Amino acid sequence: MVSTHIGFPAETVTVFVVLALGAIFIDLFMHRHDKPISLKSAALWTVFWIVVAMAFAGFLYIHHGSEVASLFITGYALEKVLSVDNLFVMMAIFSWFAVPDNLRHRVLYWGVIGAIVFRGIFVAIGASLLTLGPWVEIVFAVVVLWTAVMMLKSGGDDDEIEDYSQHIAYRMVKRFFPIWPKLKGHAFLLSQKEVDAELAKPENKDIKVGRVGKAALYATPLMLCLAVVELSDVMFAFDSVPAVIAVSREPLIVYSAMMFAILGLRTMYFVLEALKQYLAHLEKAVIVLLFFIGVKLGLNATDHLWHHGYNISANASLFVVLGVLAVGIIVSILFPGKPDTEEGKQG
């Protein structure tokens with residue numbers, strides 16, 4: 001593992017913060033309407049977010065050298081490819097909750113904001129834990145390798161529709177809010193007045209909200225869906241953060257790589273949804289990369305303990321990540337999966 005120790009120079013931090021806040025503002029402003037995002041628009045925006053990330057990589061190259069830029073790009077590419085599996089999980093969640101296409105980007109927006117916040121917390125914790133010694137790296141390596149083994153054993157089980165009504169996030173929302181069982185625009189929560197107005201409509205006369213007396217707020221199915229998406233992403237972060245930390249101990253490199261990768265996930269979701277059958281073997285690339293990262297962490301930790309001298313350089317890591325990703329995409333294009341024939345069911 002390479003530690004750059006660039007020391008958070010004010011100029012670098014300022015550029016990162018300005019780019020990140022500007023990107024969030026652009027994303028919020030450009031996709032504020034409840035309209036489906038077309039494949040063409042999603043593809044163009046995905047390219048835009050990649051260009052933004054590469055612009056920051058160029059800044060790092062100019063101000064901190066090729067090695068720092070290489071570490072950033074490696075972490076960025078790794079987070080991108082690891083996020084693909086998470087986006088496929090989100091597709092299953094949206095399908096089960098029967099979320100319309102025009103509302104999915106709204107859930108994804110708040111999901112991305114949550115991911116940015118939680119990644120920051122996990123990166124801070126992970127970087128702090130690494131200061132305790134190489135044994136922590138061994139634990140991280142075991143976590144990453146265990147994730148790869150579990151993905152390898154699961155095979156094609158991800159295609160099964162999970163009953164998200166038993167999900168812990170679903171049950172937690174129901175514990176704090178009574179549920180209004182129908183979507184109402186893009187609202188996550190409804191007031192008592194809004195619920196009373198809905199109950200007054202003839203088509204809702206048979207709806208039971210399960211409340212006792214009055215309630216301040218009611219959760220809609222969109223809120224339940226968002227809660228499941230957020231907690232699923234938190235669980236995913238337990239795997240992805242140690243993997244990206246394997247690239248560099250420098251928190252700025254790790255967090256900026258993860259954040260720029262996450263910023264493009266909302267539009268990339270719609271690209272992946274349209275091209276899902278042509279990415280059938282990409283998960284195998286994810287598994288290979290997780291094994292590679294686990295070995296990289298293990299080599300670094302044992303080198304600190306026993307000084308065997310074996311390690312994987314920043315440039316080698318970049319070539320492996322990009323190479324495995326390219327092979328996964330090429331194989332998926334040459335041998336696409338079968339088109340989906342069934343849609344998920346609403347809970």
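Nothing here was measured: the structure is a model prediction, and the numbers come from that model.
Looking at E194, its side chain does come within 3.5 Å of a backbone N or O of S191 through a donor-acceptor pair. Here the side chain of Y255 pairs a donor or acceptor atom with the backbone of I116 at under 3.5 angstrom. Side-chain N or O atoms of D303 include one that pairs as donor or acceptor with a backbone N or O of H308 at under 3.5 Å. When atom types are taken as modelled, the side chain of R106 and the backbone of H186 share a donor-acceptor pair closer than 3.5 angstrom. When atom types are taken as modelled, the side chain of R119 and the backbone of A237 share no donor-acceptor pair closer than 3.5 angstrom. Remark: the backbone N or O of V143 is paired with a side-chain donor or acceptor of T147 at under 3.5 angstrom. Checking side-chain atoms of S83 against main-chain N and O of N86 turns up no donor-acceptor pair under 3.5 Å. When atom types are taken as modelled, the side chain of R266 and the backbone of L108 share no donor-acceptor pair closer than 3.5 angstrom. The closest donor-acceptor contact from the side chain of H281 to the backbone of G328 lies at 3.5 Å or more, if one exists at all. In this structure a side-chain-to-backbone donor-acceptor pair under 3.5 Å is missing from S41 to I37.
There is a path of hydrophobic side-chain contacts, each under 4.5 Å, that joins V234 to F176. Under the 4.5 Å side-chain contact rule for hydrophobic residues, V13 and L21 share a cluster. Under the 4.5 Å side-chain heavy-atom criterion for Ile, Leu, Val, Met, Phe, Trp and Tyr, V331 and L334 are members of the same hydrophobic cluster.
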Mind running side chain to side chain contact (heavy atoms under 4.5 Å, CB included) on M150 and K153 for me, showing each step along the way? CA-CA 5 Å; M150 291 299 101; K153 290 175 65 177; 3.8 Å; yes
Apply side chain to side chain contact (heavy atoms under 4.5 Å, CB included) to the pair F291 and V149, showing each step before the final yes or no. CA-CA 8 Å; F291 277 117; V149 171; 4.0 Å; yes
Test log, rule side chain to side chain contact (heavy atoms under 4.5 Å, CB included), inputs F260 and I50: CA-CA 8 Å; F260 281 114; I50 293 173; over 6 Å; no
Test side chain to side chain contact (heavy atoms under 4.5 Å, CB included) on L263 and V52; report intermediate values, then the result. CA-CA 10 Å; L263 279 172; V52 171; over 6 Å; no
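Salt-bridge check for K182 with E198: failed, with every basic side-chain N at 4.0 Å or more from each acidic carboxylate O. Note on K201 versus D196: no salt bridge recorded, every NZ/NE/NH1/NH2 to OD/OE distance being 4.0 Å or above.
The closest side-chain heavy-atom distance from I138 to L305 is below 4.5 Å. Contact annotation: the side chain of V321 never approaches that of L318 to less than 4.5 Å [non-hydrogen atoms, C-beta and beyond]. You'll find the side chain of I26 reaches within 4.5 Å of the side chain of W45, heavy atoms only. A heavy-atom distance below 4.5 Å is found between the side chains of M91 and L272. Between V229 and V107 there is a side-chain heavy-atom pair separated by less than 4.5 Å. Two residues are said to be in side-chain contact when any heavy atoms from C-beta on lie closer than 4.5 Å; L224 and I179 meet this criterion. In this structure the side chain of L199 reaches within 4.5 angstrom of the side chain of W180, judged on heavy atoms. Contact annotation: the side chain of V228 never approaches that of W96 to less than 4.5 Å [non-hydrogen atoms, C-beta and beyond].
In this structure, F177 has its ring center at least 6.0 angstrom away from the ring center of Y218. Taking the six-membered ring for Trp and the full ring otherwise, F56 and Y61 have centroids separated by 6.0 Å or more. Between H63 and F59, a ring centre-to-centre spacing shorter than 6.0 Å is recorded.
The shortest heavy-atom contact between V295 and L145 is N-CD2, 4.4 Å. Smallest separation of non-hydrogen atoms from V144 and P242: CG2-CB, 4.0 Å. Minimum interatomic distance between A69 and A57 (heavy atoms only, all atoms of both residues): CB-O, 3.6 Å.
Annotation: the span from L71 atom CG to L252 atom CG amounts to 11.5 Å, rounded to 0.5 Å. Between the NZ atom in K80 and the CH2 atom in W49 there is a gap of 10.0 Å [rounded to 0.5 Å]. Rounded to the nearest 0.5 angstrom, L222 CG and L190 CG are separated by 10.5 Å. Note that CG of L226 and CH2 of W110 are 9.0 Å apart. Values are rounded to the nearest 0.5 Å. Between atom CG of residue L44 and atom NZ of residue K40 there is a gap of 6.5 Å, rounded to the nearest 0.5 Å. Atoms CG and OG1, on L189 and T220 in that order, are 7.0 Å from each other to the nearest 0.5 Å.
Remark: of the listed residues F140, F236, F238, F238 is the sole one forming a ring pair (Phe, Tyr, Trp, His ring centres under 6.0 Å) with F122.
No hydrogens or angles considered: a donor-acceptor pair under 3.5 Å links the side chains of S317 and K296. In this structure, a donor-acceptor pair under 3.5 Å is present between the side chains of Y269 and R104.
Within 6.0 Å of CD1 in I121 there are more than 12 heavy atoms belonging to other residues, nucleotides or ligands.
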